[in-house]
S.K.: 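Here you go, one structure.
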Amino acid sequence: MSMFPGMQSPVGQGQNGGLSDQEQGMVKMIQAGMESCVVKSIMAGGAGFALGGAFGLFMSSMAYDTPLSPQGQEMAKLSVKDQLRRGLKDMGSKSYSSAKNFMIIGAAFSGTECAVESLRAKNDLTNSVIAGCITGGALAYKAGPQAALLGCGGFAAFSTAIDAYMRMPSDE
């Protein structure tokens, strides 16, 4: 018996939760997509782009904050219109540059961590250490082996600290 016309009662829905076979197939397909390393990398890259853009916008807005710096003295000599034009142009280019960098780092780390987790078939802090080391080393390899080693250690320590914090039980 339904409570409202056109609606089924929750009693007797069985294990499918009231979903048709087609809807269950869609749910499984979406879940499989969300567990895909490619999808995780794309989502992390998109989030990194947005976060990097906001960070770059904030940091570039501080570039001309004092008239005592060489940039500030140069800007003070310009008209207000030219100051605004130059400031907004610098903010846009620095924001975009920061967004691209954060996107690359986010996508690279997320994809690497997902691949490591898939290979190890475990979800623990070791994945963060390995993925951080691989990502940090890969990002710094052009500067030489010493820089790659420092990048490996630094990124591994940072990603492990963040992951350990995220895994802490909540106080609730």
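Computation of the quantities below employed the complete heavy-atom set of this structure, encompassing side-chain atoms and omitting hydrogens, waters and symmetry-equivalent molecules.
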S.K.: Test Lys89 against Arg86 for side-chain contact (heavy atoms from CB on, under 4.5 Å), laying out the working first.
M.R.: CA-CA 5 Å; Lys89 184 177 178 183; Arg86 186 169 171 188; 5.7 Å; no
S.K.: Could you name each residue pair satisfying side-chain hydrogen bond (donor to acceptor under 3.5 Å, both in side chains) that touches residues 117-136, not counting sequence neighbours?
M.R.: Glu113-Ser128, Arg120-Asp124, Arg120-Asn127, Asn123-Arg167, Ser128-Asp163
S.K.: With no hydrogens and no angle check, is any side-chain donor or acceptor of Ser95 less than 3.5 Å from a backbone partner on Gly53?
M.R.: yes
S.K.: Only pairs at least two apart or in different chains count here, so list each ring-ring contact (aromatic ring centres under 6.0 Å, His included) that has a residue in residues 95-135.
M.R.: Phe55-Phe102, Phe109-Phe155
S.K.: Would you say Ser79 and Asp82 make side-chain contact, with heavy atoms under 4.5 Å?
M.R.: yes
S.K.: Scan residues 124-151 for pairs that pass ring-ring contact (aromatic ring centres under 6.0 Å, His included), counting only residues two or more places apart or in two chains.
M.R.: none
S.K.: Indicate, with yes or no, if Ile30 and Val39 share a hydrophobic cluster defined by side-chain heavy-atom contacts under 4.5 Å among Ile, Leu, Val, Met, Phe, Trp and Tyr.
M.R.: yes
S.K.: When rounded to the nearest 0.5 angstrom, what is the spacing between CG in Leu125 and CD1 in Ile130?
M.R.: 11.0 Å
S.K.: How would you list all residue pairs meeting disulfide bond (SG atoms under 2.5 Å apart) that involve residues 72-111, not counting sequence neighbours?
M.R.: none
S.K.: What is the minimum heavy-atom distance between Ser41 and Ser110, and which atoms define it?
M.R.: N-OG, 3.9 Å
S.K.: Using atom types as modelled and distance alone, determine if a side-chain donor or acceptor of Ser98 lies under 3.5 Å from a backbone N or O of Gly52.
M.R.: yes
S.K.: Within this structure, what is the CD1-OG distance for the pair Ile105 and Ser159, rounded to the nearest 0.5 Å?
M.R.: 12.0 Å
S.K.: Going by side-chain heavy atoms closer than 4.5 Å, which hydrophobic residues are tied to Met168, directly or by a chain of links?
M.R.: Phe158, Ile162, Tyr165, Met166
S.K.: CG/Leu88 to OG/Ser93 distance, rounded to the nearest 0.5 angstrom?
M.R.: 11.0 Å
S.K.: What's the separation between atom CE in Met91 and atom OG in Ser60, rounded to the nearest 0.5 Å?
M.R.: 4.5 Å
S.K.: Please check if Met43 and Met103 belong to a single hydrophobic cluster, counting links between Ile, Leu, Val, Met, Phe, Trp and Tyr side chain heavy atoms closer than 4.5 Å.
M.R.: no
S.K.: Any disulfide bond (SG atoms under 2.5 Å apart) involving residues 86-137? Give me the pairs, sequence neighbours left out, ordered by first then second residue.
M.R.: Cys37-Cys114, Cys133-Cys152
